Number of protein chains: 2
Amino acid sequence: MQRMTRQRTAVSELLAGTEDFRSAQQLHEMLRERGHSVGLATVYRTMQALAEAGDVDVLRGAEGEALYRQCQRTSHHHHLVCRECGRTVEIDSASVERWAAAVGDAHDFIDVEHTAELFGTCAACAARTGR
Amino acid sequence: MQRMTRQRTAVSELLAGTEDFRSAQQLHEMLRERGHSVGLATVYRTMQALAEAGDVDVLRGAEGEALYRQCQRTSHHHHLVCRECGRTVEIDSASVERWAAAVGDAHDFIDVEHTAELFGTCAACAARTGR
DNA sequence: TTATCTGCAAACATTTTGCAGCGAG
DNA sequence: CTCGCTGCAAAATGTTTGCAGATAA
């Protein structure tokens, strides 16, 4: 029910070789640069499908656009993203999970989900931009 | 440098009487219903100014739109939002702050900030929608 | 063959901006 | 009187969708 087309293959390969979070528009541009011609709508549709299948992580940038990334872990986790260069570290945090569950319980909420992302400046960028 | 106009007053009053996160469009509609006529662009501009001044909290909804709310606390905190009715509880969480700081340190990131929001279904909505 | 997928362009939703006129200070 | 503020409509973004033709299975 999910066909492996030339376009899907190109997107998968691109994601496999990309470490950081990218918007659909950026991915589309990157594909273009590499000679693959894939329609923007197709990129959107593909990323939507991948996100739904849990094959990529989605997070919202500061301006509200969707950013995608193929993650190493398949399970739930969070990210520490460098605001300068976009370098991303995956964080596995039991303490946040416990916190979320406890807060939900305390206020009688059910089916509690959460988002938690960290943004900072990595050591390399801190050194480069002069502390 | 910041003039107190009829529109600004209307927005402030509306926010003072609203508990939950609302989008600029929703606020605009609410103002209209109460007989105040305020342009949509003005609502956007006003909310932007209030957010910048730290008088309201901003968070991104699931579809990426900006949601605003006048919060009780002036200090840093998080939210537990009901995905059905929008009811919001403010959470003050030392454990998340500690977690964020520790993770940042461990990976040599500086100036680490974080976002963390909880979404769930409140007891009232769970009962109403049949468990 | 045939149900999916794709590209394109049009449609949408949200937010921003240009500009002439209004009005708070 | 003056500049900031407002409304309106146009524009800019980011994303979705309708449809005819292409294509994987």
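Keep in mind that what you see is a predicted model, and the values were worked out from it rather than measured. The chains referred to below are lettered A, B, ... by the order of the sequence lines, with proteins before strands, and numbering in each begins at 1.
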Using a cut-off of less than 4.0 Å, is there contact between a side-chain N or O of A/Arg8 and OP1 or OP2 of C/dC5?
-> yes
Shortest non-hydrogen contact from A/Ile110 to B/Arg83?
-> O-NH1, 4.3 Å
Across the strands shown, which category fits A/Ala66 at heavy-atom distances under 4.0 angstrom: base, sugar-phosphate, nothing?
-> sugar-phosphate
Which heavy atom in B/Ala100 sits nearest to a heavy atom in B/Val112, and how many Å separate them?
-> O-CG1, 4.1 Å
Do B/Arg3 side-chain and C/dG25 base share a donor-acceptor contact under 3.5 Å?
-> no
Side-chain donor/acceptor of A/Glu90 to backbone N/O of A/Gln72, under 3.5 Å | yes
Distance below 4.0 Å between A/Thr5 side-chain N/O and C/dT6 OP1 or OP2 | yes
Got a salt bridge between A/Glu117 and A/Arg60, using NZ or NE/NH1/NH2 to carboxylate O under 4.0 Å?
-> no
Salt bridge present between A/Arg22 and A/Glu65 (N-O < 4.0 angstrom) = no
Once you round it to whole Å, what is the distance between P of D/dG14 and NE2 of A/His28?
-> 14 Å
In whole angstroms, the gap separating P of D/dT23 from CZ of A/Arg6 amounts to 8 Å
Hey, does the side chain of A/Gln2 come within less than 4.0 Å of C/dC5's phosphate (OP1/OP2), counting only N and O?
-> yes
Could you tell me whether the phosphate oxygens of C/dG23, OP1 or OP2, come under 4.0 Å of any side-chain nitrogen or oxygen in B/Gln7?
-> no
To the nearest Å, give me how far apart CE (B/Met4) and C1' (D/dC5) are.
-> 12 Å
What pairs of residues pass the side-chain hydrogen bond (donor to acceptor under 3.5 Å, both in side chains) test when at least one of them lies in residues 92-111 of chain B, not counting sequence neighbours?
-> A/Ser93-B/Trp99, A/Trp99-B/Ser93, B/His76-B/Glu97, B/His78-B/Glu97, B/Ser93-B/Ser95, B/Glu97-B/His114
Expected list for residues 30-60 of chain A near DNA chain C, using heavy atoms below 4.0 Å, is A/Ser37, A/Val38, A/Gly39, A/Ala41, A/Thr42, A/Arg45
